[in-house]
Number of protein chains: 2
Amino acid sequence: MSTVGIKLRELREKTGLSLRKAAVQVDIDVAILSKMERGERKFTKEIIIRLSELYNFNPENLIIDFLSEKVVYDLKDEEFGLKALKVAEQKIKYNKAN
Amino acid sequence: MSTVGIKLRELREKTGLSLRKAAVQVDIDVAILSKMERGERKFTKEIIIRLSELYNFNPENLIIDFLSEKVVYDLKDEEFGLKALKVAEQKIKYNKAN
DNA sequence: TAAGTGTTGACATTAGTTGTCAAAGATAAA
DNA sequence: TTTATCTTTGACAACTAATGTCAACACTTA
């Protein structure tokens, strides 16, 4: 399940745009946007941002969802996934501090 | 920097195996193992496990390092990286519970 | 020299992602 | 029903990234 897709579909509908029109606005093929909204293809950060602008919506939470889905994908079915997450957190904090 | 590579190189040297011999044992090309140890190519989980067996070493921490490096790679330079990590953690905990 | 070590780069192969397109199916209005 | 508009689907091409293969290089030691 892709929360990002569901949310962006809701936003599009709220904005009153058809798939075709939204796709044209952000310069991608209709088919791709359709698949992205339904989770059949991955969004890119770039497209999320362009769509957010189109829908006049703050992209922060969408990007967080997008990134977290990537991470979950890497770690799904991994016995040590949570431990790896903790280590990753330390590394990122350390990097930020420098 | 790849901690996994450094550790596996140390383990190999401690075991007294040359690159060539270790590579033959785990059935990969010498060039690849050389590059993996130096972080020029990515390890796979499979190779880490095979090498750990060869060196008679518990792979758990190596795998955790390996996975965390993947995650860090996904989130490096991301403004909301830490937030995404938190969300990912919740999702994984939720998945585990079910 | 000769044998062993690790490194490098060029290249082919493979796998995965992304883009393009046409057609089909669904829905609603005329 | 016809027409228009919409979304979904699948086949395919194009592109990119990952992986494997190989030969040669430089260095050290016997």
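Order of the sequence lines sets the chain letters (A, B, ...), proteins ahead of strands, with each chain counted from 1.
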### Query
Within the structure, does a side-chain N or O atom of A:Arg38 lie under 4.0 Å from either OP1 or OP2 of D:dT7?
no

### Query
Is the distance from OP1 or OP2 of D:dT8 to the nearest side-chain N or O of A:Ser34 less than 4.0 Å?
yes

#### Entry: chain A contact limits on DNA chain C, taken 5' to 3' with a cut-off of 4.0 angstrom to heavy atoms
C:dT17 to C:dC21

Using a cut-off of 6.0 Å, state whether more than 12 heavy atoms not belonging to [X] lie near its atom [atom1].
X	atom1	answer
B:Asp27	CG	no
B:Asn58	CG	yes
B:Glu13	CD	yes

### Task
Mind checking B:Lys42 for me? I need base, sugar-phosphate or nothing, with any heavy atom below 4.0 Å counting as a touch.
sugar-phosphate

### Task
Scan B:Ile28 against the nucleic acid and name what it touches under 4.0 Å (heavy atoms): base, sugar-phosphate only, or nothing.
nothing

Atom [atom1] of [X] and atom [atom2] of [N]: how far apart are they, to the nearest Å?
X	N	atom1	atom2	answer
A:Glu37	D:dT9	CD	P	13 Å
A:Arg41	D:dA11	CZ	C1'	11 Å
A:Lys35	D:dG10	NZ	C1'	7 Å
A:Asp29	D:dT8	CG	C1'	12 Å
A:Met36	D:dT8	CE	P	14 Å

### Task
Before giving the answer on side-chain contact (heavy atoms from CB on, under 4.5 Å), spell out for B:Val71 and B:Asp74 the whole-Å C-alpha distance, their side-chain angles and the decisive distance to 0.1 Å.
CA-CA 5 Å; B:Val71 171; B:Asp74 279 348; 5.6 Å; no

### Summary
Output for pair (B:Thr15 OG1, B:Phe57 CZ), nearest 0.5 Å, gives 10.0 Å

### Message
Which residues in residues 17-25 of chain A have a heavy atom closer than 4.0 Å to any atom of DNA chain C?
### Response
none

### Query
Between A:Glu10 and A:Lys14, does at least one N-O distance fall below 4.0 Å, as a salt bridge requires?
no

### Query
Does B:Lys42 pair with B:Glu69 as a salt bridge, N-O distance under 4.0 Å?
no

### Message
Applying side-chain contact (heavy atoms from CB on, under 4.5 Å) to A:Ile63 and A:Leu67, what does each step give before you reach the verdict?
### Response
CA-CA 6 Å; A:Ile63 291 172; A:Leu67 293 173; 4.0 Å; yes

### Query
Can a cation-pi geometry be assigned to B:Lys45 and B:Phe43, taking NZ or CZ under 6.0 Å from the six-membered ring centre and within 45° of the ring axis?
no

### Query
A:Arg9 or B:Phe43: which one's nearest nucleotide on DNA chain D is closer to the 5' end?
A:Arg9

